[in-house]
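What follows is one structure encoded as structure tokens, with my remarks underneath.
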Amino acid sequence: MSDGWVVGARHAGFRFSTGLLGILAVWSLGVSGVRAETVDLELVFAADGSGSIDDDELRLQRDGYAAALSDPKVLNAIASGSHGRIAVAYVEWGSPASQHTIVDWRVIAGADDARAFGEALRAAPRAAWGYNSISEAIAYSADLIRGNAFDSDRKVIDVSGDGPQIGGRPLDLIRDMVVAEGVTINALVVANRGVRSGPRGEPLDEHYRNDVIGGIGAFVVVADDERGFTQTLLGKMIREIVDANPTGAPARRLAERTGR
């Protein structure tokens, strides 16, 4: 299976509930009746801040995201969109009870915005603790998207991590529910010194490819050292920004195109 399509069809037991459809209906009306600001992309960076990430590795991650967002190639990609701006938030996560918004939603429309985001990210104290609930990181990030004041055709959660799902709600259930709401989940595997395998002994990138990512255009990349992390993240960020295709579940997008 290619990285471009990872869909809920792998899990035949998944069905839409009336509750989920109700959530979608409320979301479509906007946030609290307030007119939403239109952007090209709503993007949550959900970075691993668990106990397997030491302080140096946390700094490396934050520096990498700050530098990539301020890179001229990324800024040019943002400017090329129909609205010329995206909305970005940064989350760090650990145990099932530890998800934290490190930098809340900000509009990035140029170098000054990107620079200010990076400064806030670098200055924020460490918050996450415990180990590796990817499912709860995705659920928390989806809540941020539901509750923000933006509107776009593209909603992406960008999960980075150096280990497998350990605790929290079932990963496939949370992943499929979020994708069904119109969100694409991408992943960056951080191959650091303590990198582990997936829950079935498979390579970690295979675990992320099979169990974490989902939605139209979903993909996994792997970064294996400091220079590799920054460059891999840069390419990944550009790819996410310049993709003009709406996000979400392929079945949902097909239904919209055919009018069913």
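Heavy atoms only: backbone and side chains are in, while hydrogens, waters and symmetry mates are out. Position 1 is the first residue of the sequence; numbering continues from there.
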Fill in: Worked check of side-chain contact (heavy atoms from CB on, under 4.5 Å) between Ile145 and Trp105
CA-CA 9 Å; Ile145 292 175; Trp105 289 106; 4.0 Å; yes
Could you check whether any side-chain heavy atom of [X] comes within less than 4.5 Å of a side-chain heavy atom of [Y], counting everything from C-beta outward?
X	Y	result
Phe219	Arg209	no
Glu42	Ile86	no
Asn76	Ile78	no
Val156	Val44	no
Ile166	Ser133	no
His207	Gln165	yes
Asn148	Lys155	no
Glu57	Gln61	no

Lys/Arg-Asp/Glu bridge criterion (N-O < 4.0 Å) met for [X], [Y]:
X	Y	value
Asp55	Arg126	yes
Arg146	Asp143	yes
Asp211	Arg200	yes

How close do [X] and [Y] get, counting heavy atoms only, and between which atoms?
X	Y	answer
Ile134	Gly163	CD1-O, 3.8 Å
Ser52	Asp162	OG-OD1, 2.7 Å
Ala114	Leu75	CB-CD2, 4.0 Å
Ile185	Val159	CG2-CG2, 4.0 Å
Ala109	Asp113	N-OD2, 2.8 Å
Val222	Ala191	CG1-CB, 4.3 Å

Would a distance-only check, ignoring hydrogens and angles, find a side-chain to backbone donor-acceptor pair under 3.5 Å from [X] to [Y]?
X	Y	answer
Asp40	Ser152	no
Ser135	Gly168	no
Gln99	Ser95	yes
Arg62	Ala124	yes
Thr101	Val103	no
His100	Gly94	no
Arg154	Asp243	yes
Trp93	Ala47	yes

Can you tell me how far apart [atom1] ([X]) and [atom2] ([Y]) are? Round to the nearest 0.5 Å.
X	Y	atom1	atom2	value
Ile216	Thr184	CD1	OG1	6.5 Å
Asp172	Asn210	CG	CG	12.0 Å
Leu188	Ser160	CG	OG	5.5 Å
Asp56	Arg59	CG	CZ	5.5 Å
Arg122	Asp63	CZ	CG	4.5 Å
Leu204	Ser197	CG	OG	7.5 Å

Practice prompt. Before giving the answer on side-chain contact (heavy atoms from CB on, under 4.5 Å), spell out for Val189 and Val221 the whole-Å C-alpha distance, their side-chain angles and the decisive distance to 0.1 Å.
Written response: CA-CA 6 Å; Val189 175; Val221 295; over 6 Å; no
[Y] reachable from [X] in the ILVMFWY side-chain graph, under 4.5 Å edges:
X	Y	result
Trp129	Tyr140	no
Tyr131	Tyr208	no
Val178	Phe150	yes

Fill in: Plane angle bin for Tyr65 and Tyr90 - parallel if under 30°, tilted between 30 and 60°, otherwise perpendicular
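Rings of Tyr90 and Tyr65: perpendicular, over 60°.
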Item to complete: Walk me through it: do Leu173 and Arg169 pass the test side-chain contact (heavy atoms from CB on, under 4.5 Å)?
Response: CA-CA 8 Å; Leu173 173 65; Arg169 286 172 286 179; 5.6 Å; no
Discussion item. Run the salt bridge (Lys or Arg N to Asp or Glu O under 4.0 Å) test against Asp158 and tell me which residues pass, sequence neighbours left out.
Written reply: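 Lys236.
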Fill in: Worked verdict on Val39 versus Asp151 for side-chain contact (heavy atoms from CB on, under 4.5 Å)
CA-CA 6 Å; Val39 294; Asp151 181 57; over 6 Å; no
Discussion item. Per the salt bridge (Lys or Arg N to Asp or Glu O under 4.0 Å) rule, what does the pair list look like for residues 66-87, sequence neighbours excluded?
Written reply: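 Applying salt bridge (Lys or Arg N to Asp or Glu O under 4.0 Å) to every pair that reaches into residues 66-87, excluding sequence neighbours, yields Glu37-Arg85, Asp71-Lys73.
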